[in-house]
**Q** 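Got a structure for you, written out below as structure tokens; questions coming shortly.
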Amino acid sequence: MRIRHLHYFLVVAEELSYSRAAAKVHIEPSPLARAIKELEAELGVRLFQRARGRICLTWAGEVFREEAHRMLTFMEGARTRVSAAAQGYRGRLRIGLTDGLAQPRLTRLLARCREEEPLTQVKIIEMTVKGMVNALGHDQIDAGFTVHTERHNGFIKEVVWTDRPAIAIPRNHPLLALEKIPLQEVARHALVLCHPELCSGGYEVIRRWFYEYTLPFPAVAEYVSGHEPMMMLVASGYGIGVGLASQIILYSHPDVIIRPVTDDVPCTPTFITMLDKPPSEELSRFIARAQRVGELIANK
């Protein structure tokens, strides 16, 4: 079974069209269809049903799609590990990063990993929360950072650090008269808010605040993919922004003033999520370092 055939199959399964799939993998439709037939002959099953010029996956095809993903992931992991070994690494960690997180704590954590365990390669992969859950289930990552509080069966979460929320306000805005901003005041203004799919963790944290305080959810001026575009739109007067204090500071803008929320609004925890099974020694040490970095910042 050729890796190339597995890749072709997955593209056809995604596009459900030989012509579109062929364009995507840069070959003609006829050899692509021939490769799929060879794969079906080798497996002894029909992977696609063909009727009236359209194709769809059979049940066997649905099952094989998951197995093909697993096999390609395994092969990619093998390549990565061999390449890392050739560079002198003895261990490997693949860490997902969701919700647009780029905290100074993460920078310190990665620096500490390089200092204390230089022979373990740490690879950071940006993704959505949904992508993180799928990647953990398919052994594409070892763990992932998120602020999303939802728990899934078969996964565990550990808090590594917490952060205070903050409000980004354009210059000359009436909220600047307040030293700390209560949620009741935030609810009266249009928000520049993290996207409910691209940054679902941040969106759910903010949505939960208003739900728990029985406040109406504010109007949303624009959805953004992270703190940097949020600050740009706030500076342009689209609305006020809500984010994590450590993140907002990273993207400071001369036309944006940062105010803390009132003390009754809880801190936002950052979790590391992993499969509910004993972690590897490398992952255990990584989590312990993350928690020490969180404690170090909290005690300052």
Side-chain angles (χ1 to χ4, degrees), residues 73 92-110 112-113 122-166 191-212 223-230 241-251 261 265-277 279-280 282-295 297-298:
T73 298
R92 176 192 63 158
L93 286 174
R94 303 156 299 169
I95 305 297
L97 187 63
T98 75
D99 305 317
L101 295 173
Q103 302 192 41
R105 293 177 179 87
L106 188 60
T107 303
R108 296 187 184 194
L109 170 60
L110 296 177
R112 181 168 288 192
C113 288
V122 181
K123 183 177 181 181
I124 299 296
I125 309 164
E126 289 189 282
M127 55 185 57
T128 63
V129 172
K130 182 179 179 181
M132 179 190 71
V133 172
N134 289 335
L136 283 168
H138 287 95
D139 191 32
Q140 294 171 332
I141 59 173
D142 301 293
F145 286 102
T146 183
V147 296
H148 206 301
T149 58
E150 183 180 0
R151 297 187 179 274
H152 299 84
N153 290 334
F155 297 86
I156 57 175
K157 288 186 173 182
E158 291 192 29
V159 176
V160 288
W161 50 66
T162 61
D163 207 341
R164 289 297 300 162
L191 296 186
V192 178
L193 197 61
C194 39
H195 195 281
E197 292 181 6
L198 298 177
C199 300
S200 60
Y203 176 83
E204 284 301 317
V205 165
I206 295 167
R207 185 194 62 79
R208 192 172 62 251
W209 292 341
F210 291 95
Y211 175 79
E212 291 178 352
Y223 286 114
V224 293
S225 60
H227 287 77
E228 187 172 13
M230 181 190 75
V242 182
L244 301 179
S246 65
Q247 301 291 278
I248 289 178
I249 291 171
L250 288 177
Y251 304 109
V261 295
V265 180
C267 289
T268 298
T270 293
F271 302 94
I272 191 162
T273 304
M274 68 206 93
L275 291 176
D276 189 5
K277 65 178 186 179
S280 66
E282 291 92 347
L283 183 56
S284 292
R285 292 192 293 269
F286 182 84
I287 295 169
R289 287 192 195 96
Q291 291 172 331
R292 287 200 300 272
V293 166
E295 292 169 359
I297 300 294

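For this chain, numbers begin at 1 and follow the sequence in order. Worth saying up front: this structure is predicted, and the values here are computed from it rather than measured.
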**Q** From Glu197 CD over to Lys130 NZ, what is the distance, rounded to the nearest 0.5 angstrom?
**A** 8.0 Å
**Q** Side chains of Phe145 and Ile272: does their closest heavy-atom pair fall under 4.5 Å?
**A** yes
**Q** Compare all side-chain heavy atoms of Val160 with those of Arg105 and state whether any distance is below 4.5 angstrom.
**A** no
**Q** Evaluate the side-chain proximity of Val224 to Val192: yes if any heavy-atom separation is below 4.5 Å, no if none is.
**A** yes
**Q** Taking all atoms of both residues into account, what is the closest heavy-atom pair of Cys267 and Thr162, and its distance?
**A** CB-CB, 4.1 Å
**Q** Mark yes or no for whether Arg112, through its side chain, and Ala290, through its backbone, hold a donor-acceptor pair below 3.5 Å.
**A** no
**Q** If I take atom CD from residue Glu212 and atom CZ from residue Arg207, how far apart are they, to the nearest 0.5 angstrom?
**A** 9.0 Å
**Q** State the SG-CD distance between Cys199 and Glu204, to the nearest 0.5 angstrom.
**A** 12.5 Å
**Q** Taking Lys157 for the side chain and His148 for the main chain, is one N or O donor matched with an acceptor at less than 3.5 Å?
**A** yes
**Q** If you measure from CG on Leu136 to OG1 on Thr273, what distance do you get to the nearest 0.5 Å?
**A** 7.0 Å
**Q** Got a second to check how far Leu283's CG is from Arg94's CZ, nearest 0.5 Å?
**A** 10.5 Å
**Q** Looking at side-chain heavy atoms only, is the closest gap between Trp209 and Pro165 below 4.5 Å?
**A** yes
**Q** Taking the side chain as C-beta and beyond, is there a heavy-atom pair between Gln247 and Leu250 under 4.5 Å?
**A** yes
**Q** With heavy-atom distances below 4.5 Å as the criterion, would you say the side chains of Met132 and Thr146 are in contact?
**A** yes
**Q** Using ring pair (Phe, Tyr, Trp, His ring centres under 6.0 Å) as the criterion, list what pairs up with Tyr211, not counting sequence neighbours.
**A** none
**Q** Check the pair Asp276 / Phe155 against side chain to side chain contact (heavy atoms under 4.5 Å, CB included), numbers first and verdict last.
**A** CA-CA 5 Å; Asp276 189 5; Phe155 297 86; 5.9 Å; no
**Q** Go through the steps to decide whether Leu109 and Val122 satisfy the test side chain to side chain contact (heavy atoms under 4.5 Å, CB included), and finish with yes or no.
**A** CA-CA 11 Å; Leu109 170 60; Val122 181; over 6 Å; no
**Q** Quick one: CD1 on Ile95 to CD1 on Ile125, what's the gap to the nearest 0.5 Å?
**A** 8.5 Å
**Q** Treating His227 as the side-chain partner and Leu244 as the backbone partner, does any N or O pair qualify as donor plus acceptor under 3.5 Å?
**A** yes
**Q** Going through the distances and angles, do Asp142 and Lys123 end up as a salt bridge (Lys or Arg N to Asp or Glu O under 4.0 Å)?
**A** CA-CA 10 Å; Asp142 301 293; Lys123 183 177 181 181; over 6 Å; no
**Q** How about Arg208 and Thr149: does a side-chain donor come under 3.5 Å of a side-chain acceptor?
**A** yes
**Q** Looking only at non-hydrogen atoms, find the nearest pair between Leu93 and Ser280 and report the distance.
**A** CD2-OG, 4.4 Å
**Q** Where do Cys194 and Ile206 come nearest, in terms of heavy atoms and distance?
**A** SG-CD1, 4.1 Å
**Q** Begin from the C-alpha positions of Thr270 and Asp163 and carry the test side chain to side chain contact (heavy atoms under 4.5 Å, CB included) through to its verdict.
**A** CA-CA 8 Å; Thr270 293; Asp163 207 341; 5.7 Å; no
**Q** Can you sort out the partners of Arg151 under salt bridge (charged side-chain N to carboxylate O under 4.0 Å, His left out), two or more places apart, ordered by chain and number?
**A** none
**Q** How far apart are the closest heavy atoms of Ala166 and Ile248, and which atoms are they?
**A** O-CD1, 3.7 Å
**Q** What is the minimum heavy-atom distance between Met127 and Gly96, and which atoms define it?
**A** SD-CA, 4.2 Å
